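I have placed the structure first, in the form of structure tokens, so that the comments after it can refer back to it.
Predicted model, so just to flag it, every value in this text is computed and none were measured. Order of appearance sets the numbers: ligands from 1, and atoms from 1 within every ligand.
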Amino acid sequence: MKTTKTINLKNRPKGKPELTDFDFTTSEIPELNEGEILLSSKYVSVDPYLRGRMSDAPSYIEPFELNNPIASGIIAEVLESKNNNFRKGDHVSGVLQWKETQAAKPDGLIKVDPDKASLSAYLGILGLTGVTAYLGLTEIGKPKKGETLLVSGAAGAVGSVVGQIGKIFDLRVVGIAGTDEKTEMLKSEFGFDEAINYKTTENMIQAIANACPDGVDVYYDNVGGKISEAVLFNINKFSRTVNCGAISVYNNTEMPKGISVQPFLVKKSSSMQGFVVFDYADRHPEAIKQLTEWLDQGKLKYTETIRQGFENIPQAFLDLFEGKNKGKMVVKL
Ligand code: NAP
């Protein structure tokens, strides 16, 4: 009987997650049932939203169970198949468990072609990351040529794509990120017009005003908290905020008190709307088609931070909260 290593959720993290919140077990891989495929994990996506699933607070997606495997987007190779739609050697993408090898029913898995793009890209720009950037910006941000788009978490997986799409749509694009290396990369590699390092800037309200002299028309918010409060002082009449994520408060044990957003929104007839990529599942194929086209035309670029080894998956996840990634963080097995 073959065995596999698995990563389970050992504790529900209090505040910032730690390595001790995860544990590794080894278990036998059961024989394949009819209709199942045996998968070897190749690339594992680590994502900030997994933090929400580690707590048991109600959310848009159910919590992980304690002492059970964690799951995320994974690219895997088919080792054996008892399903007519999949053959040995195929590659698939979908939400799978943090296991080196697993037997799975292929419901929800899609085939990906390693000859068309690198396998890791199907977790990033051609996966949920790219789709989140494209649909969040177009559906809620509703960008118009000549407007100013401000993006927080700009050097991360979603943010770096949002900014580039803003440039394709002919907007002025400004990014906010946590190191000078990242702000430089946004301008030199990804075509952002300006970028602000929020860790070295004392007055974010003024810095945003300087970088966005015509105000902010679309704010794509990946971080929430104090950064997003400073944006409110710079929004334009009829501006739109895409609430995509709030990583700055994911590890808070109590919701931080902030300024009231309502007076800002009323004064500027401005709107703010939460975005969850899964709500637009029927539009994912259209988004992937558009992203693929832009990528092929050289209009979109992407960067990745690739860690090596199954045992390093938890650390790669923790490092997202320290800003140790540029672009999409994935782990190669
Ligand atoms: P990511 O941006 O690649 O990685 C996280 C980044 O967040 C880090 O690199 C770090 O960059 C920044 N960060 C960490 N702590 C921070 C803090 N306290 N304040 C400000 N920035 C901080 O991750 P991603 O996968 O692209 O996700 C970005 C956001 O989108 C997350 O909030 C995520 O939950 C959300 N998201 C939402 C959906 C949806 O459907 N709603 C889908 C995908 C992702 P710095 O060095 O710049 O600090």
Considering only non-hydrogen protein atoms, determine which one is nearest to [atom] and report residue, atom name and distance to 0.1 Å.
atom: atom 30 (O) of ligand 1; answer: N222 OD1, 3.3 Å
atom: atom 37 (C) of ligand 1; answer: C244 O, 3.0 Å
atom: atom 25 (O) of ligand 1; answer: P48 CD, 3.4 Å
atom: atom 46 (O) of ligand 1; answer: K182 NZ, 2.6 Å
atom: atom 4 (O) of ligand 1; answer: N325 ND2, 3.3 Å
atom: atom 48 (O) of ligand 1; answer: Y198 OH, 2.5 Å

Can you see whether [X] engages [Y] through a side-chain donor-acceptor pair at a distance of less than 3.5 angstrom?
X: K226; Y: S248; value: no
X: Y302; Y: S120; value: no
X: S269; Y: K237; value: yes
X: W98; Y: S72; value: yes
X: S152; Y: Y198; value: no
X: Y219; Y: D221; value: yes

Exercise. To which of Y60, Y280, Y250 does the heavy atom nearest atom 33 (C) of ligand 1 belong?
Worked result: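 Minimum heavy-atom distance to atom 33 (C) of ligand 1 goes to Y250.
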Problem set entry | Proximal candidate to atom 7 (O) of ligand 1 [heavy atom criterion; set T132, D47, I247] |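 It is I247 whose heavy atom sits nearest to atom 7 (O) of ligand 1.
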Would you say [X] touches ligand 1, if touching means a heavy atom closer than 4.0 Å?
X: F278; result: no
X: T129; result: no
X: A155; result: no
X: M329; result: no
X: G327; result: yes
X: L320; result: yes

Under 4.0 Å from a heavy atom of [X]: give me the atoms of ligand 1 that qualify, with their elements.
X: A246; result: 32 (O)
X: F275; result: 39 (C), 40 (O), 41 (N)
X: G156; result: 1 (P), 2 (O), 3 (O)
X: A157; result: 1 (P), 2 (O), 3 (O), 26 (O)
X: S248; result: 17 (C), 18 (N), 19 (N)

Exercise. What orientation do Y250 and F321 show, parallel under 30°, tilted 30 to 60°, or perpendicular over 60°?
Worked result: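 It falls in the perpendicular class, over 60°.
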Exercise. Is the shortest distance from a Lys or Arg side-chain nitrogen in E311 or K5 to a carboxylate oxygen in the other one below 4.0 Å?
Worked result: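 The answer is no: the pair does not qualify as a salt bridge.
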Problem set entry | ring pair (Phe, Tyr, Trp, His ring centres under 6.0 Å) assessment of Y43 paired with Y122 | CA-CA 10 Å; Y43 287 93; Y122 293 105; over 10 Å; no
